Amino acid sequence: MNNPYDRDILRLALPSIVSNITVPLLGLVDVTVMGHIGDARYIAAIAVGSMIFNVVYWLFGFLRMGTSGLTAQAYGARKADEASNVLLRSLTLAFGIACTILILQVPLRHLAIALMRPTADVLPFVIPYYNICIWGAPAMLGLYALTGWFIGMQNTRIPMVIAIGQNIVNIVVSLFLVFGLGMQVEGVALGTVVAQWCGLLMALLFVGRFPEAHGLRLSRAIFQKMGHFLRINRDIFLRTLFLVAVNLFFTSAGAAQGAVVLAVNTLLMQLFTLFSYILDGFAYAGEALSGRYFGAGDKAGLQGVVRRLFGWGALMVVLFTLAYALGGQTFLALLTTDQTVVSAASEYVWWTLLIPVTGVAAFIWDGVFIGLTLSRGMFISSMVAAVVFFLLYFLLQPVWGNHALWLAFVVYLLMRGVVQTWLYATTARLRP
């Protein structure tokens, strides 16, 4: 731990890991509150509504990623004015997108319901949940921009504090509205929106603590580099489309094989999700540090932090592989008491042993590429990997069934890392 790179990596990674773990709690609180009312339709409505907004916000995750890389480079180059301009560009884009979403909320609602196809008894509860939660869009997208800026400014503790604060507000407000005032789905929806706007307010207050933000003002300089900012975010958006396509198809392909296979895949994917929460923390550290060293023109520092990131990634591979090998079946038994599902999962659980080793490079490189603003490389790697995923699945599914789906998924993870490794080794942009 005497290595300065390791200290910086852990300083940034550990709060990010805590933040990642708390993020799903916003949706979990809603489901839990509704679950205690005793009507399955409420739970189903929350599940459908949460999925709609999860996909929407995932698509606009470029607001965080594009902001963090450019901010980290400005921080490394000691360009305080540019760091503040990046934040204003990102917030301008975030609120512009949010306003568009609000204007188009009715047709977007029709589209979302057509894609999700909730049953007739659930639909009347999905609509009010959507109609309320849509007003959290400006807060959520603004938070993406601010979170990316904090990471670029080498601070991940603030996003952690905000994430924890949001969950506390969500729990308190939702419980008060549902059990205190007797509201139903509308109560948890309002609790979520209030928590989102409180998170945005907290973030804006924290921005004031940074000297770089004291000179925040609209100027022509903000728009001079807007084209470059939009190109970076466009590539990240396209990259996210491929990730969303693979993840949604994975779920639908499992559903097409019956309820047991769908349940098995859903439970096993929790092991991937757990791994991703941890590795994303190191990826965030990669965003901040690689961008900082690149902006400072420090090639040795950049190479050093990349090596140490992969060192920590290798350690995580060993730990998670051992954990899944020794306790994977036990973990599944904790998630469900359905012995049919647990028994069926034993046929596929060994695929999860391949997730850490095949996925580690994709996570680490994503962080480094964001820091270096190599968004085109992220787009290319995700596109190639997605094409390979679909080819493998459709070629092998008639013979291997659900095993073909898992093989396609682990190869997809591997291909993302392989392509990014090749791009990193060959691009001249990496020579500060």
Side-chain angles (χ1 to χ4, degrees), residues 18-58 60 94-95 97-99 101-106 108-113 116-147 158-206:
V18 175
S19 299
N20 290 340
I21 294 172
T22 61
V23 166
L25 292 179
L26 277 172
L28 183 61
V29 167
D30 292 351
V31 172
T32 303
V33 171
M34 285 293 94
H36 282 80
I37 291 182
D39 193 324
R41 293 176 300 172
Y42 297 151
I43 300 175
I46 298 299
V48 172
S50 297
M51 177 63 74
I52 291 172
F53 287 103
N54 286 342
V55 172
V56 170
Y57 293 142
W58 191 9
F60 294 115
F95 291 130
I97 293 171
C99 288
I101 290 174
L102 292 178
I103 292 170
L104 300 176
Q105 62 179 283
V106 174
L108 287 175
R109 185 187 68 203
H110 291 313
L111 175 62
I113 289 174
M116 296 296 295
R117 293 183 294 178
T119 57
D121 59 332
V122 172
L123 181 59
F125 301 101
V126 173
I127 292 176
Y129 183 87
Y130 172 95
N131 289 345
I132 294 173
C133 283
I134 195 73
W135 293 97
M140 282 300 295
L141 298 186
L143 265 173
Y144 279 179
L146 289 160
T147 299
I158 290 176
M160 178 188 70
V161 171
I162 293 171
I164 294 172
Q166 278 186 286
N167 279 287
I168 293 173
V169 171
N170 190 29
I171 292 170
V172 172
V173 175
S174 295
L175 289 175
F176 173 72
L177 293 177
V178 173
F179 296 109
L181 299 184
M183 299 178 72
Q184 297 174 344
V185 171
E186 294 85 350
V188 294
L190 278 172
T192 298
V193 172
V194 169
Q196 290 166 342
W197 280 99
C198 285
L200 178 64
L201 177 60
M202 290 173 62
L204 291 173
L205 292 175
F206 276 120

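Worth saying up front: this structure is predicted, and the values here are computed from it rather than measured.
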Beyond-backbone contact of Tyr129 with Ile52, side-chain heavy atoms, under 4.5 angstrom: no
If you look at every heavy atom in Ala139 and Gln196, which pair is closest and at what distance? CB-O, 3.5 Å
May I ask you to test the Leu143-Gln166 pair for a side-chain heavy-atom distance under 4.5 Å? yes
Of all heavy-atom pairs between Val188 and Val178, which one has the smallest distance, and what is that distance? CG1-CG2, 3.9 Å
Counterpart residues, side-chain contact (heavy atoms from CB on, under 4.5 Å), relative to Leu204 (two or more places apart): Leu146, Leu200
Can you list everything that forms a side-chain contact (heavy atoms from CB on, under 4.5 Å) with Leu181? Sequence neighbours excluded, please. Phe176, Leu177, Met183
Quick one: pull up CG in Leu111 and CG in Leu104 and give me the separation to the nearest 0.5 Å. 11.0 Å
Compare every heavy atom of Gly142 with every heavy atom of Ala94, then report the nearest pair and how far apart it is. CB-N, 4.1 Å
Does Ile162 reach the side chain of Thr147, with side-chain heavy atoms less than 4.5 Å apart? no
Which residues satisfy the ring pair (Phe, Tyr, Trp, His ring centres under 6.0 Å) test with Tyr130, sequence neighbours excluded? Phe53
Looking only at non-hydrogen atoms, find the nearest pair between Gly191 and Val173 and report the distance. CA-CG1, 3.7 Å
For Ile101 and Ala137, the nearest pair of non-hydrogen atoms, with its separation, is CG2-CB, 4.4 Å
Kindly write out the residues that satisfy side-chain contact (heavy atoms from CB on, under 4.5 Å) with Leu102, not counting sequence neighbours, or none if the list is empty. Gln105, Ile134, Trp135, Pro138
Applying side-chain contact (heavy atoms from CB on, under 4.5 Å) to Ile127 and not counting sequence neighbours gives Arg109, Ile113, Leu123, Asn131
Could you report the tightest heavy-atom contact between Leu141 and Ile97, atom names first, then the distance? CD1-CG2, 3.7 Å
When rounded to the nearest 0.5 angstrom, what distance separates OG in Ser174 from CG in Leu190? 8.5 Å
All side chain to side chain donor-acceptor pair (under 3.5 Å) counterparts of Asn54, not counting sequence neighbours: none
Reported CD1-to-CD1 distance for the pair Ile168 and Ile171, which is rounded to 0.5 angstrom: 7.5 Å
